[in-house]
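Computed from heavy atoms alone, side chains included, the values below leave out hydrogens, waters and symmetry copies. When a ligand or atom number is given, it counts from 1 through the structure's own listing order. Note that the structure is predicted; figures quoted are calculated from it, not measured.
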Amino acid sequence: MKLNLAFTTGAISLLGFGFAQPADENVRQVAIIGAGPAGSSATYFLQQFAAEAGVSINITVFEKTDRIGGRTLTINPFNDPAQRFEQGASIFVKANQILYNAMTEFGLSPTYRDSDPVMGIWDGDQFVFTIDQSAPSWWNTLKVIWKYGLSGPKKAQQATAATVSKFLRLYEPEFFPFESLTERAQDLGLVEETGVTGEQFLQAKEVDARYAHDIIQASTRVNYASNLAHIHGLDTMVSMAAEGALAVIGGNWQIFHEMVQRSGATVALNTTVVAINNASSASPRKPQYTVRITSGSTPSANPTTHPVAFDNVILANPYQFSGISAGEGVFHSPIDEIPYVQLHVTIFTSPYPFSPRFFNLPSSARVPGMVLTTLAQSDTATSGVGGVGKAGFLSLSMLGYAINPQTKRKEYVYKIFSPEAVNAEFLSRLLDKTVPPTFIGSDSPISWYTPHVFNSYPRAYPRVTFQDPIVGAGIYYTSGMESFISTMETNALMGKNVARLLVDKLQETAPAKYRNGLACEDEQRILV
Ligand SMILES: Cc1cc2nc3c(=O)[nH]c(=O)nc-3n(C[C@H](O)[C@H](O)[C@H](O)COP(=O)(O)OP(=O)(O)OC[C@H]3O[C@@H](n4cnc5c(N)ncnc54)[C@H](O)[C@@H]3O)c2cc1C
Ligand SMILES: *[C@@H]1O[C@H](CO)[C@@H](O)[C@H](O)[C@H]1NC(C)=O
Ligand SMILES: *[C@@H]1O[C@H](CO)[C@@H](O)[C@H](O)[C@H]1NC(C)=O
Ligand SMILES: *[C@@H]1O[C@H](CO)[C@@H](O)[C@H](O)[C@H]1NC(C)=O
């Protein structure tokens, strides 16, 4: 790891604590809390915008885990670093320009294949639709039309394209940066999508109800763990806009790692921020904040005050889970609590294929390597854990292969998304082999097993107002973006947005001393 680790846990104790010292007056001190996509992008662009504007800033990134990436999490079967699969955010598209451009600029390479080409949609009783994505596209188009008619798929595609082109205007100079996400959602006409459920939105666009129920709902379930009646129209369209999906070879986290590294920021890993307070030493004209930190990811009883006080703080994680207490007056108004989906993502390896019997198929049948789900005829569309319906899980996929170091044989790598932890009974039926309650062990059909629970993304209930990014004097917040659209790209866009707002504000208000020599140059020009 090549990060500038000036503040690893070990170093912290050497610094002396208890009070914050006034730092170099000519340098703007900025704290970024959280190094997921939003915080990494904020760090990267802040550094860039400040350099372009000629202002001196000093960025300190605090990250409670020991890695960069947040919900972008790459894991290694059998703890072999050469074998890598995504347990968190796995795909993005070329239209995601922040990620795509960064990937290209950083010399990282894309892969376009992240699962088995045969995809089936399972409703707990039967496969309602199967498609082989390696077959010619005309054949697949015919298959869809055969089952759902022409207008459903066509109208859904038109609606998706129209929504995407509205959204992409958010990157244009006329609309970027933005102080209010609520206003931008209105300016761009995207409240048309966010204000209603996916079901209502698709109905208004005259998309065939059966197509919506089977195909589109399978996408909202795998992408946002939600049925169409419990997710807004915008996230529904985002779920449909996955054509040309790609991932970074070796792990998506590398984009964020490079962003942070290239910014030259000081990075404090294994460091949890537990409090933000108004620094009592601050001059009235210049708000300054102190942050209290603990080492490690579980806040200890002994927080210390970081020695540098900050002019700006960017909160780049869902505040409700951050464990941060904000002192009086730090926030203008409280940060909204948002209902997040708890999602269990289980990755395991096994030499055995999925059992055809589990899917009520004849024993000679080949089970699709990518199983998405929808509701059964008898299910009612609810939200929360029960919303999973008769299928009992949201998706099952064969991600690829890994070499078992013990047997030296190639095994399948599987991933399951479910609203509750999977148990041995379920896995035994899925593989048609007895899985012990410990999952692994000498006689288990499972050779490697790693579950992870995420507060994955908000339950995207219809809404037309969003948490705006400026939450206090010099304090910015990125996660309001998530109830609008929750993706790596959109949160990175919000990180870039607050970076732009921050530097714009500095240029507006900063005394000449922040401007790093530019003021002098101007004066000289005037004199000449
Ligand atoms: C299973 C899953 C699949 C997904 N699939 C996709 C996908 O395919 N494509 C896509 O684009 N998006 C996907 N997403 C969504 C995507 O991961 C998120 O939208 C994105 O990671 C949000 O970025 P963020 O930086 O705002 O938050 P996070 O990624 O959550 O990063 C926040 C960071 O802040 C740190 N932190 C929190 N509290 C503190 C504290 N007090 N002090 C210091 N640090 C703190 C955390 O450790 C974390 O590293 C998926 C998410 C999940 C869970
Ligand atoms: C973070 O903590 C983990 C676990 O305690 C440790 O293995 C790792 O080396 C630490 N990393 C840093 C950068 O301090
Ligand atoms: C920049 O921030 C780091 C960590 O917060 C601090 O150690 C360093 O002294 C700061 N540098 C300047 C020039 O203020
Ligand atoms: C922070 O403290 C300063 C100095 O004590 C005070 O002038 C300012 O009003 C305080 N700010 C807030 C937001 O409470």
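- Summarising the contacts of atom 26 (O) of ligand 1 with N491, I68, V345, the nearest heavy atom is found in N491.
- Looking only at atom types and distance, the side chain of Q29 has no donor-acceptor partner in the side chain of D311 under 3.5 Å away.
- Taking NE2 of H232 as the start and OG1 of T194 as the end, the distance is 6.0 Å to the nearest 0.5 Å.
- For ligand 3, the atoms closer than 4.0 angstrom to any heavy atom of H306 are 4 (C), 5 (O).
- The side chain to side chain contact (heavy atoms under 4.5 Å, CB included) test with R221 is passed by exactly one of L372, N227, L228, I231: N227.
- Distances between N or O atoms of F454 and those of ligand 1 include no value under 3.5 Å.
- At the top of the distance list for atom 49 (O) of ligand 1, counting protein heavy atoms only, stands E63 OE1, 2.6 Å.
- Sorted by first and then second residue, the side-chain hydrogen bond (donor to acceptor under 3.5 Å, both in side chains) pairs involving residues 330-345 (not counting sequence neighbours) are Y340-E482.
- Counting all heavy atoms, side chain and backbone alike, I91 lies closest to M488 at O-CE, 3.5 Å.
- For ligand 1, the atoms closer than 4.0 angstrom to any heavy atom of T65 are 47 (O).
- Atom numbering of ligand 1 starts at 1 in the shown order; those under 4.0 Å from a heavy atom of S90 are 5 (N), 6 (C), 7 (C), 8 (O).
- Using a 4.0 Å cut-off to heavy atoms of L343, the atoms of ligand 1 that qualify are 1 (C).
- Counting only heavy atoms of the protein, atom 2 (C) of ligand 1 lies nearest to G88 C, 3.8 Å.
- Heavy atoms of other residues, nucleotides or ligands lying less than 6.0 angstrom from CD of E179 number 12 at most.
- Separating the CG atom in N96 from the CD1 atom in I255 is a distance of 9.5 Å, to the nearest 0.5 Å.
- For atom 43 (C) of ligand 1, the nearest protein heavy atom (residue, atom name, distance) is K64 N, 3.4 Å.
- Between the E86 side chain and the N252 main chain, a donor and an acceptor come within less than 3.5 Å of each other.
- The ligand atoms of ligand 1 that sit less than 4.0 angstrom from a heavy atom of Q87 are 1 (C).
- Of the polar atoms of A38, at least one N or O is found under 3.5 Å from an N or O of ligand 1, judged by distance alone.
- Residue contact check: I324 has heavy atoms under 4.0 Å from atoms 41 (N) of ligand 1.
- The shortest N or O to N or O distance between S479 and ligand 1 is not under 3.5 Å.
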List the steps and the verdict of ring-ring contact (aromatic ring centres under 6.0 Å, His included) for Y412 and F354. CA-CA 10 Å; Y412 300 108; F354 292 148; 8.1 Å; no
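- Under the 3.5 Å distance criterion, the side-chain polar atoms of E489 are matched with a main-chain donor or acceptor of L99.
- In terms of protein heavy-atom proximity, atom 30 (O) of ligand 1 is nearest to R71 NE, 2.7 Å.
- When the options A242, S486, A35, S456 are ranked by their closest heavy atom to atom 19 (O) of ligand 1, first place goes to S486.
- Across all their heavy atoms, A391 and W122 have their closest contact at CB-CD1, 4.0 Å.
- For ligand 1, none of its N or O atoms has an N or O atom of T72 under 3.5 Å away.
- When the options S483, S383, S226 are evaluated for a side chain to side chain donor-acceptor pair (under 3.5 Å) with Y461, the one that passes is S383.
- Taking every heavy atom of both residues into account, M240 and S219 meet most closely at SD-OG, 3.7 Å.
- Under the 3.5 Å distance criterion, with hydrogens and angles disregarded, no donor-acceptor pair is assigned to the side chains of N277 and R292.
- Scanning the protein heavy atoms around atom 11 (O) of ligand 1, the nearest turns out to be M488 N, 2.8 Å.
- Among T487, N223, V273, the residue whose heavy atom lies nearest to atom 42 (N) of ligand 1 is V273.
- In terms of protein heavy atoms, atom 9 (N) of ligand 1 is closest to I91 O, 2.7 Å.
- Using a 4.0 Å heavy-atom cutoff, T490 is absent from the residues neighbouring ligand 1.
- With hydrogens and angles left out, the side-chain atoms of R84 and T74 include no donor and acceptor closer than 3.5 Å.
- For ligand 3 and Q29, the ligand atoms under 4.0 Å from any heavy atom of the residue are 1 (C), 12 (C), 14 (O).
- For ligand 3, the polar-atom distance check finds no N/O of T266 at less than 3.5 Å from any of the ligand's N/O atoms.
- With a 4.0 Å cut-off on non-hydrogen atoms, A316 touches ligand 1 through its backbone and not its side chain.
- At the top of the distance list for atom 36 (N) of ligand 1, counting protein heavy atoms only, stands N317 ND2, 3.7 Å.
- Between F321 and ligand 1, no N or O atom pair is found at a separation short of 3.5 Å.
- Residues N497 and P469 share a closest heavy-atom pair of ND2-CG, 4.0 Å.
- Here's the thing with T272: none of its N/O atoms is less than 3.5 angstrom from an N/O atom of ligand 1.
- Counting non-hydrogen atoms of neighbouring residues, nucleotides and ligands closer than 6.0 angstrom, the CD atom of Q157 reaches no more than 12 such neighbours.
- The shortest separation from a heavy atom of F92 to ligand 1 is not under 4.0 Å, leaving the residue out of contact.
- Among G495, A89, S322, the residue whose heavy atom lies nearest to atom 14 (N) of ligand 1 is A89.
- Looking only at side-chain heavy atoms (C-beta outward), R500 and F45 stay at 4.5 Å or farther from each other.
- Across P318, G36, G39, P37, heavy-atom proximity to atom 23 (O) of ligand 1 is greatest for P37.
- In this structure, atom 34 (O) of ligand 1 lies nearest to the protein heavy atom G34 CA, 3.1 Å.
- If you number the atoms of ligand 1 from 1 as listed, the ones under 4.0 Å from a heavy atom of I33 come out as 40 (C), 42 (N), 43 (C).
- Residue contacts with ligand 1, taken as heavy atom pairs separated by less than 4.0 Å, do not involve T478 at all.
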